[in-house]
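In what follows, every chain begins at residue 1, and chains take the letters A, B, ... in the order their sequences are listed. Source: prediction; values computed, not measured.
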Number of protein chains: 2
Amino acid sequence: MKTEEISRVLFEKGLKVTPQRIAVYEAVARLNNHPTAESIIKYIRKTYPNISTATVYKVLDAFTEKGLVNRVKTEKDMMRYDAVLESHHHLYCSETDRIEDYHDEQLDNILKNYFEEKGISDFKVEDIKLQIVGKFLKS
Amino acid sequence: MKTEEISRVLFEKGLKVTPQRIAVYEAVARLNNHPTAESIIKYIRKTYPNISTATVYKVLDAFTEKGLVNRVKTEKDMMRYDAVLESHHHLYCSETDRIEDYHDEQLDNILKNYFEEKGISDFKVEDIKLQIVGKFLKS
DNA sequence: TGTCAAAAGAGAATCATTCTCTTTTATAAA
DNA sequence: TTTATAAAAGAGAATGATTCTCTTTTGACA
Ligand SMILES: [Mn+2]
Ligand SMILES: [Mn+2]
Ligand SMILES: [Zn+2]
Ligand SMILES: [Zn+2]
């Protein structure tokens, strides 16, 4: 996504357009493996050495609030962020912190149909994600 | 699970049987809604007022290591624990921190068959859980 | 019963995240 | 354009869940 487009999205969400916000958005999108705040800050500082930690956290909160990024659920203490907005699933490595996206339209349809028919009593489903835990082969 | 049985399980896992460990196990099992360390400590102190915070954390780590409890993935800073060992899914409230179990054998079979046939390239699946986000109706 | 490695306890330390306060800036009105 | 101003950024302190360190206690086994 180019800078101009990011600006437009920020504006549309009612967020002031600042260089810091553009940098944070670019970082999360570029570091496309569900980065921590720490790795986002590290990445941004390569080209913007003085950005404040607090700013990054505040921007990430604002983005989460507005649905511009999502938090990824983990069992760890450090939050992770995701710029991929379309609902998708995650492959979690059972040995490392690696998390990869898993998109599968066929699976989504199966789940959608299953829950449309079956439902869950006393619960209104808004989103369904799979956490697929295992080991990455190769790489 | 009665005390004697907990003792047996601890022994089988190679863990020394201590009153603290039994208390922690009982707390996690009794507080069956994926409690935080804080709520576990609070619960235990009602009958065991002097247990140390560090002990509870260390016991929870040991239990996690040995597979006696599981950590539950969330988007929050506080870890949550689960004494239900059989693989199951979770209903997450999108407004509160409530997390409930969702067991569904039929669904498990569908998923099992789906992934047995389709597989995921370069990934060996060990476990699949659904995070079902939405709203609890009533209660 | 004595031995001893493991566990518990107390409290300090850690560190990811949040907060507070000041300065800067994006935005829009004049 | 300049100006006003609320919002955002920055610096650094504070917070709080969790971990660590060190000492004391204890469960397990001989
Ligand atoms: Mn914290
Ligand atoms: Mn923390
Ligand atoms: Zn993702
Ligand atoms: Zn559960």
Worksheet item: Okay, side chain of Arg21(B), backbone of Lys16(B): is any donor-acceptor separation there less than 3.5 Å?
Response: yes

Worksheet item: Checking His34(B) side chain against Ile99(B) main chain: does a donor-acceptor pair fall under 3.5 Å?
Response: yes

Discussion item. Parallel, tilted or perpendicular, judged at 30° and 60°: which one describes the rings of Phe115(A) and Tyr102(B)?
Written reply: tilted

Worksheet item: How many Å lie between CD1 on Ile41(A) and P on dT18(C), as a whole number?
Response: 11 Å

Discussion item. Between Gln20(A) and Thr55(A), is there a side-chain donor-acceptor contact under 3.5 Å, judged purely by atom types and distance?
Written reply: no

Worksheet item: Nearest-Å distance, NZ (Lys66(B)) to C1' (dA7(C))?
Response: 14 Å

Worksheet item: Have His90(B) and Asp101(B) got a donor and an acceptor in their side chains that come within less than 3.5 Å?
Response: yes

Discussion item. Using the side-chain heavy atoms of Phe11(B), tell me which of these nucleotides is nearest: dT18(D), dG11(C), dC29(D).
Written reply: dC29(D)

Practice prompt. Would you mind reading off the distance between Leu10(B) atom CG and dA28(D) atom C1', rounded to a whole angstrom?
Written response: 14 Å

Discussion item. Please encode protein proximity along nucleotides 2-9 of chain D as a string of B, S and -, counting only heavy-atom distances under 4.0 Å.
Written reply: ----BBSB

Worksheet item: So is Arg30(A) actually on top of Tyr43(A)'s ring, under 6.0 Å and inside 45° of the axis?
Response: no

Fill in: Axis-to-axis angle between the two ends of the helix from dT1(C)-dA30(D) to dA30(C)-dT1(D) (five base pairs per end, rounded to 10 degrees)
40°

Response to the item:
Testing dT18(D), dA16(C), dC20(D) for proximity to the side chain of Tyr57(A), the answer is dA16(C)

Worksheet item: Whole Å only: how far is the CE atom of Met78(A) from the P atom of dT18(C)?
Response: 13 Å

Item to complete: Using whole Å, report how far CZ of Arg8(B) lies from P of dA28(D).
Response: 15 Å

Worksheet item: Of the options Lys118(A), Lys112(A), Glu117(A), which is the one that meets Tyr114(A) in a side chain to side chain donor-acceptor pair (under 3.5 Å)?
Response: Lys118(A)

Practice prompt. Name the nucleic acid region contacted by Ala37(B), choosing base, sugar-phosphate or nothing; use a 4.0 angstrom heavy-atom cut-off, strictly under.
Written response: sugar-phosphate

Discussion item. Working note: Val59(A) + Leu15(A), criterion side-chain contact (heavy atoms from CB on, under 4.5 Å); need CA distance, chi angles, decisive distance, verdict.
Written reply: CA-CA 10 Å; Val59(A) 170; Leu15(A) 294 170; over 6 Å; no

Discussion item. Nearest whole Å is fine: how far is dG9(C) C1' from Arg45(B) CZ?
Written reply: 11 Å

Practice prompt. Would you check if there is a donor-acceptor pair between the side chains of Asp108(A) and His89(A) at a distance under 3.5 Å?
Written response: yes

